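Worksheet: one structure, shown below.
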There are 2 protein chains.
Amino acid sequence: MTASPQDWAVGALQALAHDTRLSVFRMLVQAGADGLMAGEIAQKLSVPPSTLSHHLANLERAGLATSERESRVIRYRADFGGMRRLLAFLMEDCCQGDPLVCADILEITACRP
Amino acid sequence: MTASPQDWAVGALQALAHDTRLSVFRMLVQAGADGLMAGEIAQKLSVPPSTLSHHLANLERAGLATSERESRVIRYRADFGGMRRLLAFLMEDCCQGDPLVCADILEITACRP
DNA sequence: TCCATAATTCGAGAAATATCGAAATATAAG
DNA sequence: CTTATATTTCGATATTTCTCGAATTATGGA
């Protein structure tokens, strides 16, 4: 049942390769540790609850989000471990160690110490 | 005709979200500036030329690869600019500036100065 | 010019994904 | 125990994507 790294990565990319799911994932990334409630997301994106539920389940299955029930609502968070795993897989053994080709690819505007 | 950043990102992710295309892209990333010939890729992956051609066109359309004819063969290369653009989009305004949540996400094994 | 090679485009059936209303489940409150 | 709320699961249709043989285009050499 344990998927190969490649198969896992395809699943993760497939999860992100959809307009609604990509919006959801980025909302979760930007929300950080607090995450967001399912209903809150559905409302902000104007997506019917049942449709959104499929998308959230897809992201979770793919290892890019986690869910936790809090009484009646369910809180979703981005899974930063999964995100890291995906980026690392894409850049693995990059450009034969020549930093000139891709050095600045990681100079990203994401949060830094 | 100019796609929004979100639409562009969905296209890029869709391109990567396929077993064969992900393999091709990673081969190109690892090949670096030299790139690879279309036929060479088809042979290594045991994919019929016409099928591979669709996948290569898909990656190029998505902004993740470039092609250049050299007499009778066509050389494909990873587009590291597109790659960077995609990663930056995914991590934009990440986790409300709190480095604790995702700081190490960029500590990736890719080539570094 | 004629042939061989490398790669792309065409085309159409097969397979996978997306959508969302209706029904079901889980929790809390009265 | 009944009702209200939040979310998920079911199910059936609609849409999109994938695949690869055959035909086509581009290039170089005899």
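So you know, we letter chains A, B, ... as the sequences are listed, proteins then strands, and number each from 1. A quick note: this is a predicted structure, and the numbers were derived from the prediction, not measured.
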Heavy atoms of chain A, cut-off under 4.0 Å: which first and last nucleotide of DNA chain D, 5' to 3', fall inside that, if you could look?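 Range of nucleotides within reach of chain A: D:dA4 to D:dG11.
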What residues from residues 7-33 of chain A pass a heavy-atom cutoff of under 4.0 Å to DNA chain C?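 Heavy-atom cutoff 4.0 Å gives A:Q14, A:H18, A:R21.
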Which donor-acceptor pairs under 3.5 Å do side chains of residues 8-23 of chain A form with protein atoms, sequence neighbours excluded?
| unit_1 | atom_1 | unit_2 | atom_2 | d |
| --- | --- | --- | --- | --- |
| A:W8 | NE1 | A:A62 | O | 3.2 |
| A:H18 | ND1 | A:T20 | N | 3.1 |
| A:D19 | OD1 | B:Q6 | NE2 | 3.1 |
| A:R21 | NE | A:A15 | O | 2.6 |
| A:R21 | NH1 | A:H55 | ND1 | 3.1 |
| A:R21 | NH2 | A:Q14 | O | 3.1 |
| A:S23 | OG | A:D19 | O | 3.1 |
| A:S23 | OG | B:Q6 | NE2 | 3.2 |

d([atom1], [X]; [atom2], [N]) in whole Å:
X	N	atom1	atom2	answer
A:L52	C:dG21	CG	P	14 Å
A:R61	C:dT17	CZ	C1'	11 Å
B:H55	C:dT9	NE2	P	14 Å
B:L56	C:dA7	CG	C1'	10 Å

A:E70 or B:G39: which one's nearest nucleotide on DNA chain C is closer to the 5' end?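 This one resolves to B:G39.
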Nearest-nucleotide comparison on DNA chain C, the residue closer to the 5′ end among A:V47 and A:R72: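 Its nearest nucleotide lies further toward 5', so the answer is A:V47.
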Is a side-chain donor or acceptor of B:E40 paired with a backbone partner of B:M37 at a separation under 3.5 angstrom?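 Yes; judged by distance alone, with no hydrogens or angles, the pair exists.
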For the residue pair A:L36 and A:Y76, establish whether any side-chain heavy-atom pair is separated by less than 4.5 Å.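 No; the side chains remain at least 4.5 Å from each other.
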Please examine the side chains of A:L59 and A:D79, heavy atoms only from C-beta on, and report whether any two atoms are closer than 4.5 Å.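 They are not in side-chain contact.
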Using a 4.0 Å heavy-atom cut-off across all strands, classify A:P48 as base, sugar-phosphate, or nothing.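 The residue A:P48 makes sugar-phosphate contact but no base contact.
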What nucleic acid atoms does B:S71 come within less than 4.0 Å of, heavy atoms only: base, sugar-phosphate, or nothing?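 The residue B:S71 makes sugar-phosphate contact but no base contact.
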Let me confirm one number: the CG-CG distance from A:L64 to A:L56, rounded to the nearest 0.5 Å.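 Those atoms lie 12.0 Å apart.
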Rounded distance [0.5 Å steps], CG in B:D7 versus OG in B:S4: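 B:D7 atom CG to B:S4 atom OG measures 3.5 Å (nearest 0.5 Å).
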Side-chain N or O of B:Y76 less than 4.0 angstrom from OP1 or OP2 on C:dT8?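 Affirmative; the distance criterion is met.
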Side-chain N or O of A:S50 closer than 4.0 Å to phosphate OP1/OP2 of C:dC20: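 Checking A:S50 against C:dC20: no side-chain N or O falls below 4.0 Å of OP1 or OP2.
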For A:G35 against A:A31, the heavy-atom pair lying closest together: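 So the minimum-distance heavy-atom pair works out to O-CB, 3.8 Å.
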Picking from C:dT19, C:dA26, C:dC10, which would you name as closest to the side chain of B:H54?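 When the side chain of B:H54 is considered, C:dC10 is the closest of C:dT19, C:dA26, C:dC10.
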Is it true that A:E70 and A:R75 make a salt bridge, defined as a side-chain N closer than 4.0 Å to a carboxylate O?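 So A:E70 pairs with A:R75 through a salt bridge.
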side-chain contact (heavy atoms from CB on, under 4.5 Å) for B:L28 and B:I41? Distances and angles first, verdict last. CA-CA 9 Å; B:L28 293 177; B:I41 301 171; 4.2 Å; yes
